[in-house]
Amino acid sequence: MPELPEVETVRRGLAPVMEGARFAKVEVHRGDLRWPLPKDFARRLRGQTVTSVGRRAKYLLTELSSGDVLLMHLGMSGSFHVFRGASNKALARYHHQRARRAAHDHVVFHMSSGAIVTFNDPRRFGSMKIVARRALDAEPLLRKLGPEPLGNAFDAAMLARACTGKKTSLKAALSDQRVVAGLGNIYVCEALHRARLSPMRVASTIAGRSGAPNARAERLVEGIKAVLNDAIKAGGSSLRDHKRPDGDLGEFQHHFRVYDRAGEKCPTPGCRGVVKRVVQNGRSTFYCPICQK
Ligand SMILES: [Zn+2]
């Protein structure tokens, strides 16, 4: 499932082809995504210029000249595919090459720049919604989200405050979108390993009695920011590697330190531990029992 770095990579791939361009044509092949697209979906987009492609947690926020915002979420299996070039010849080739996948191309944006952006989602847990800009603060999908982990406001003091009095595990706390937005199973495991903190540790132990952050909170915030920045950097290089005119936004190469590496040697220098898998709240956790305390 895409987490914050993957969504940020998609944003960086979409921004140059969508910003400043109009929706010339919008095709909806299947409107029953996670929830149904509104009946007037295509009509509200058509003719509007994209003023910016932003992101909040795992949502893409595409701002339109009409004052509407198109919210898009990749769900479990969503991806965008960008095709550049408007010639009919190229278009035919594109459809031919992608005939097998076209069954899952549920929404297709034809931009005035000639770029064609398709949303492909075999499992259809992805979603799209149009919200008026002025109603964004009250939008239920966004309203309860915690701070952006890469924002300047997110620091050890903020994380410690959010964890004060929490008797749940650090794994559960960091997976809670109200504590910090955009992290999922993978990057929570990776951040905890970098911070050398056990996923089972009680969340409140990163704060002192007064709620002040201790050294663990400092390490954890550093670990979260570092792992996200590294993943975004890797995603950015995968974007640059696309030499073809078309690019898949949603397929990523990753180098995880502990995630899905049960039985392998812990990568922490000097540590003799072996990565272990346990189940917490129904989800796999990967960690090193030696260096993560
Ligand atoms: Zn270790």
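The first residue of the sequence shown is numbered 1, and numbering continues consecutively from there. We count ligands from 1, going down the list as the structure has it; atoms in each ligand are counted the same way. Everything numeric in this text was worked out from a predicted model, so none of it was measured.
For E190 and R257, the salt-bridge test fails: no basic side-chain N is under 4.0 Å from an acidic carboxylate O. Look at R124 and D121 and you find no salt bridge, because none of the NZ, NE, NH1 or NH2 atoms lies under 4.0 Å from a carboxylate O. A salt bridge does not link R143 to D137: none of the charged side-chain nitrogens sits closer than 4.0 Å to a carboxylate oxygen. Contact check on E3 versus K58 returns no salt bridge, with no Lys/Arg side-chain nitrogen under 4.0 Å from an Asp/Glu carboxylate oxygen.
Contact annotation: the side chain of M128 never approaches that of L71 to less than 4.5 Å [non-hydrogen atoms, C-beta and beyond].
For the Zn ion (ligand 1), the neighbouring protein N/O/S atoms at less than 2.8 Å, given as residue and atom, are C266 SG, C271 SG, C288 SG, C291 SG.
Using a 4.5 Å cut-off between side-chain heavy atoms of Ile, Leu, Val, Met, Phe, Trp and Tyr, with links allowed through other members, M200 and Y259 fall into different hydrophobic clusters.
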